[in-house]
> 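I'd like to ask you about the structure that follows.
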Amino acid sequence: MESARRENRAAIEAAGVPAFAYAFQRSHLAADAIAEYERGGQAEGPDVAVAGRLVAWRPKGKVAFGHVEDASGRIQIYLRQDQLGAAWTLAEHLDLDDHVGVRGTLMRTRAGEITVRGAELTLLAKSLRPLPRGKTQVADDGSVRTFGGLHDPEVRFRQRYADLAVHPEVREIFRLRARVTRYIRRYLDERGFLEVETPVLQPLYGGAAAQPFVTHHNALDMPLYLRIADELYLKRLLVGGLERVYEIGHDFRNEGMDRTHNPEFTMLEWYMAYADYQVIAGMAEELLRGLVREITGGEAVERDGVALDFGRPFARVGFVDGIREHAGIDVLAADEPDMRAALLRSGVPADTAATFTGGKLVDEVFKAFLEPHLVQPTFVFDYPRVLSPLAKTHRTDRRLTERFELFVLGRELANAFSELNDPDDQRARFEDQVRLRQAGDLDAQHYDADFIRALEYGMPPAGGIGIGIDRLMMLLADQPSIRDVILFPAMRPEG
RNA sequence: GGGGGCGUAGCUCAGCUGGUAGAGCAAGGGACUUUUAAUCCCUAGGUCGUGGGUUCGAGCCCCACCGCCCUCACCA
């Protein structure tokens, strides 16, 4: 299969035509050429020069039809031996998937399709390997048959270039992704936020409960960790007087991979001095509502047959109240046997439930009873202290913290606090974490003395939030797996 | 990590209770100066994931390994 393409390359080069050009002066994208022809209203349109990949090729004796695809779409080309002259030799040695440039006059074929009648054909890059293209046939009765196509997820993700090349709809997901981050940046920029970049390689990781990736710095001969969160560095910036900061970047967590987890993923975090978590909740709601409007033009997105309404005010439920309502138990008052019994009622296996203690147990009760109900956009407010070592103690209930998470479709989209800025309180929380760590909790956080020192200088009261961009993208692009919204998801190396 | 499933031509798949492989599309050759599912004629293409084993004989059975998918666990 490949050899025929190499022979075509040799034949083309033997005729003095380079198989890989240096540049091409394109005058129109396919869609723009078609639009211009239609505006003109004449049988013969203007001359255009289009360029793209040859995605369909129908040689037919001394003429040939094909379709060229570029970023805007496809346009048909029509080549004739009597018009191309010597360049016809090139046309005879074209292969599907070659990159070509065609200059010619726009016309409409007998069948009615706007087409470039080629006066010049330029080979821009030879394709030596056929793309795994499918083919669809539409029968007279409207039924569609599909032959082949790239469906194997392994190949799609390993060879994302091929996946993108044959699936315009996949390319569209990543255009959408860029629109989303652009919208977010504009939203924050307009409100006086400064986009910053903080270290990815860190001597001490923190800001979340997760296992890190570890690497080694040769010159310093010391371990370094890939960050699991941006939080502690961004809060240092608040101390430094950068009052509104945000970062969009990758965090790395050395844990399992599944539909909603990739070892590196994109996190948005922003921090705002003199705001509390209520202010942040208002912003998160406004941002998401705006995003849904921007992307869909409406205020709802339909997912799994449910219209998720981002237009009306998001539901709000208290962590403790919500659990009491659905599980009939007060997690602040209940003892561990009570909570384990509740878990058993929800269907959690006894041996699994037996392993949960402390904050973990509370969190499991939440996940079992409340999380599944959080389909519409819902804020869950005021988490117990044990679950939130970086959040400020609640102003009216010392057992709680000022923290919320935002859920949609039962999935966490955002996590936010009134940021803990009392260095003595933070020190005590770190010490609790260290005790948990010594007791065997590998996800408990480290004591970060430099962060405490920063807080001692005085951090203004502030609200902050983290939003997982990949999961947000899954929602907005209606994709079932995080791999569908990450260009090159993590894979085991090919054997 | 546990459980389940899958890995056959470039792509998507079929292959009956084990008898040494098949389709469509793609590909190659030929015909064809308005096709778009082009059409018509002809042709070729596979160490059946890898390595062992059972058997007279294995794509099919057994074992191990590799990879992917689903699921559970872990992971807010």
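Lettering of chains follows the sequences in order, A, B, ..., and the numbering in each one begins at 1.
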> With side-chain hydrogen bond (donor to acceptor under 3.5 Å, both in side chains) as the test, would you mind laying out the steps for A:Thr198 and A:Glu247 before giving the verdict?
CA-CA 8 Å; A:Thr198 63; A:Glu247 181 162 10; 2.5 Å; yes

> Donor-acceptor pair, A:Asp397 side chain versus A:Arg399 backbone, under 3.5 Å?
yes

> May I ask you to say what A:Leu387 touches in the nucleic acid, namely base, sugar-phosphate or nothing, with a heavy-atom cut-off under 4.0 Å?
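Since a base atom lies under 4.0 Å of A:Leu387, the category is base.
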
> Test for a donor-acceptor pair under 3.5 Å between the base of B:U35 and the side chain of A:Arg58, counting only N and O atoms.
yes

> Is any NZ, NE, NH1 or NH2 atom of the basic residue among A:Arg429 and A:Asp425 found under 4.0 Å from an Asp or Glu carboxylate oxygen of the other?
yes

> Mind checking ring pair (Phe, Tyr, Trp, His ring centres under 6.0 Å) for A:His250 and listing every partner two or more places apart, or none if nothing turns up?
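If we apply the ring pair (Phe, Tyr, Trp, His ring centres under 6.0 Å) test to A:His250, skipping adjacent residues, there are no hits.
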
> With a 4.0 Å cut-off, would you call A:Arg403 and A:Asp382 a salt bridge?
no

> Using the 3.5 Å cut-off, write out each protein N or O paired with an N or O of nucleotides 71-73 of chain B and the distance between them.
| unit_1 | atom_1 | unit_2 | atom_2 | d |
| --- | --- | --- | --- | --- |
| B:U71 | OP1 | A:Arg259 | NH1 | 3.1 |
| B:U71 | OP2 | A:Arg259 | NH1 | 2.5 |

> Among residues two or more places apart or on two chains, list those pairs meeting salt bridge (Lys or Arg N to Asp or Glu O under 4.0 Å) that have a residue in residues 316-327 of chain A.
A:Glu285-A:Arg316, A:Asp321-A:Arg324, A:Arg324-A:Asp330

> Using a distance-only test with no angle check, is there a side-chain donor-acceptor pair under 3.5 angstrom linking A:Arg5 and A:His93?
no

> side-chain contact (heavy atoms from CB on, under 4.5 Å), that's the test. Do A:Asp470 and A:Asn262 meet it? Break it down for me.
CA-CA 9 Å; A:Asp470 309 286; A:Asn262 194 64; over 6 Å; no

> Does B:C68 have OP1 or OP2 under 4.0 Å away from a side-chain N or O of A:Arg492?
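Checking B:C68 against A:Arg492, a side-chain N or O does come within under 4.0 Å of OP1 or OP2.
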
> With a non-hydrogen cut-off below 4.0 angstrom, is A:Asp95 in contact with a base, only sugar-phosphate, or nothing?
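Here A:Asp95 touches the backbone only, sparing every base.
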
> A:Ala56 near the nucleic acid: base, sugar-phosphate alone, or nothing, with a heavy-atom cut-off under 4.0 Å?
nothing

> Rounding to an integer number of Å, can you tell me how far A:Leu150 CG sits from B:A26 P?
17 Å

> When both hydrogen-bonding distances must be under 3.5 Å and the geometry is Watson-Crick or G-U wobble, what is B:A64 paired with, if anything?
B:U50

> Identify each atom pair where a protein N or O and an N or O of nucleotides 42-49 of chain B are less than 3.5 Å apart, giving names and distance.
none

> Roughly how many Å is it from CG in A:Asp97 to C1' in B:G10, rounded to a whole number?
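Taking CG of A:Asp97 and C1' of B:G10, I get 11 Å after rounding.
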
> Could A:Glu419 and A:Lys235 be called an ion pair, given the rule that one side-chain N must be under 4.0 Å from one carboxylate O?
yes

> Sub-3.5 Å donor-acceptor pair from the side chain of A:Thr89 to the main-chain atoms of A:Ala87, do we have one?
no

> Check the interface with nucleotides 30-33 of chain B: list each N/O to N/O pair with the protein under 3.5 Å, or write none.
| unit_1 | atom_1 | unit_2 | atom_2 | d |
| --- | --- | --- | --- | --- |
| B:C32 | N3 | A:Gly61 | N | 3.1 |
| B:C32 | N4 | A:Gly61 | N | 3.1 |
| B:U33 | OP2 | A:Lys62 | N | 3.4 |
| B:U33 | O2 | A:Arg80 | NE | 3.4 |
| B:U33 | O2 | A:Arg80 | NH1 | 3.1 |
| B:U33 | O2 | A:Arg80 | NH2 | 2.6 |
| B:U33 | N3 | A:Arg80 | NH2 | 3.4 |
| B:U33 | N3 | A:Asp82 | OD2 | 3.0 |

> So which of residues 366-379 of chain A are in contact with RNA chain B, with a heavy-atom cut-off of under 4.0 Å?
none

> Now, which nucleotide makes the Watson-Crick or G-U wobble pair with B:C74, with each of the two distances under 3.5 Å?
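Across any shown strand, B:C74 pairs with none.
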
> Considering residues at least two apart in sequence or located in another chain, which fulfil the ring pair (Phe, Tyr, Trp, His ring centres under 6.0 Å) criterion with A:Phe65?
A:Tyr78

> Between A:Lys360 and A:Asp363, does any side-chain N to carboxylate O distance fall below 4.0 Å?
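Answer for the salt bridge query: no.
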
> If only atom types and distance count, is the side chain of A:Ser388 paired as donor or acceptor with the main-chain N or O of A:Ala391 below 3.5 Å?
no

> Is a side-chain donor or acceptor of A:Arg303 paired with a backbone partner of A:Leu476 at a separation under 3.5 angstrom?
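Checked: pair present.
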
> Could you work out the separation of B:C63 and B:U17 based on their C1' atoms and round it to a whole Å?
23 Å

> Looking at B:C69, I'd like to know if its phosphate oxygens (OP1 or OP2) sit under 4.0 Å from a side-chain N or O belonging to A:Arg483.
yes

> Which residues pass the ring pair (Phe, Tyr, Trp, His ring centres under 6.0 Å) test with A:His326, sequence neighbours left out?
A:His373

> So which protein nitrogen or oxygen atoms get under 3.5 Å of nucleotides 13-15 of chain B's nitrogens or oxygens?
none

> Go through residues 65-73 of chain A and report each residue with a non-hydrogen atom lying under 4.0 Å from RNA chain B, sorted by number.
A:Phe65, A:His67

> Aromatic rings A:Tyr383 and A:Phe319: how do their planes relate, parallel, tilted or perpendicular, breaks at 30° and 60°?
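Ring orientation of A:Tyr383 relative to A:Phe319: tilted.
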
> Between atom CH2 in A:Trp57 and atom P in B:A37, what is the gap in whole Å?
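One finds 17 Å between P of B:A37 and CH2 of A:Trp57, rounded.
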
> When rounded to the nearest Å, what value does the distance between C1' atoms of B:G22 and B:G46 take?
11 Å

> Between A:Arg253 and B:C74, is there a side-chain N or O to OP1/OP2 distance below 4.0 Å?
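Negative; the distance criterion is not met.
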
> Looking across every strand, which nucleic acid part, if any, lies under 4.0 Å from A:Asn254 by heavy atom: base, sugar-phosphate, or nothing?
nothing

> Listed in order of residue number, which residues of residues 432-447 of chain A have a non-hydrogen atom at under 4.0 Å from RNA chain B?
A:Asp443

> Evaluate the salt bridge (charged side-chain N to carboxylate O under 4.0 Å, His left out) criterion for residues A:Glu69 and A:Arg74: first the C-alpha distance (whole Å), next the side-chain angles of each, then the deciding distance (0.1 Å), finally the verdict.
CA-CA 4 Å; A:Glu69 183 177 275; A:Arg74 296 178 174 197; 2.8 Å; yes

> Would you mind pulling out the nucleotide paired to B:G22, Watson-Crick or G-U wobble, both distances under 3.5 Å?
B:C13

> Would you call the rings of A:Phe379 and A:Phe381 parallel, tilted or perpendicular if under 30° counts as parallel and over 60° as perpendicular?
tilted

> What about A:Glu113, does its side chain sit under 3.5 Å from the base of B:U35 through a donor-acceptor pair?
no

> Run the side-chain hydrogen bond (donor to acceptor under 3.5 Å, both in side chains) check on A:Glu269 and A:Tyr271 step by step: do they pass?
CA-CA 7 Å; A:Glu269 293 190 29; A:Tyr271 294 83; 2.6 Å; yes

> Between the main-chain N or O of A:Asp98 and the side-chain N or O of A:Ser127, is there a donor-acceptor pair closer than 3.5 Å?
no

> Short question: side chain of A:Arg171, backbone of A:Val166 - any donor-acceptor pair under 3.5 Å?
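Here the side-chain-to-backbone pair does not exist.
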
> Going by the salt bridge (Lys or Arg N to Asp or Glu O under 4.0 Å) test, which pairs reach into residues 255-264 of chain A, not counting sequence neighbours?
none

> Tell which nucleotide pairs with B:A38, taking only Watson-Crick or G-U wobble pairs whose two distances are both under 3.5 angstrom.
none

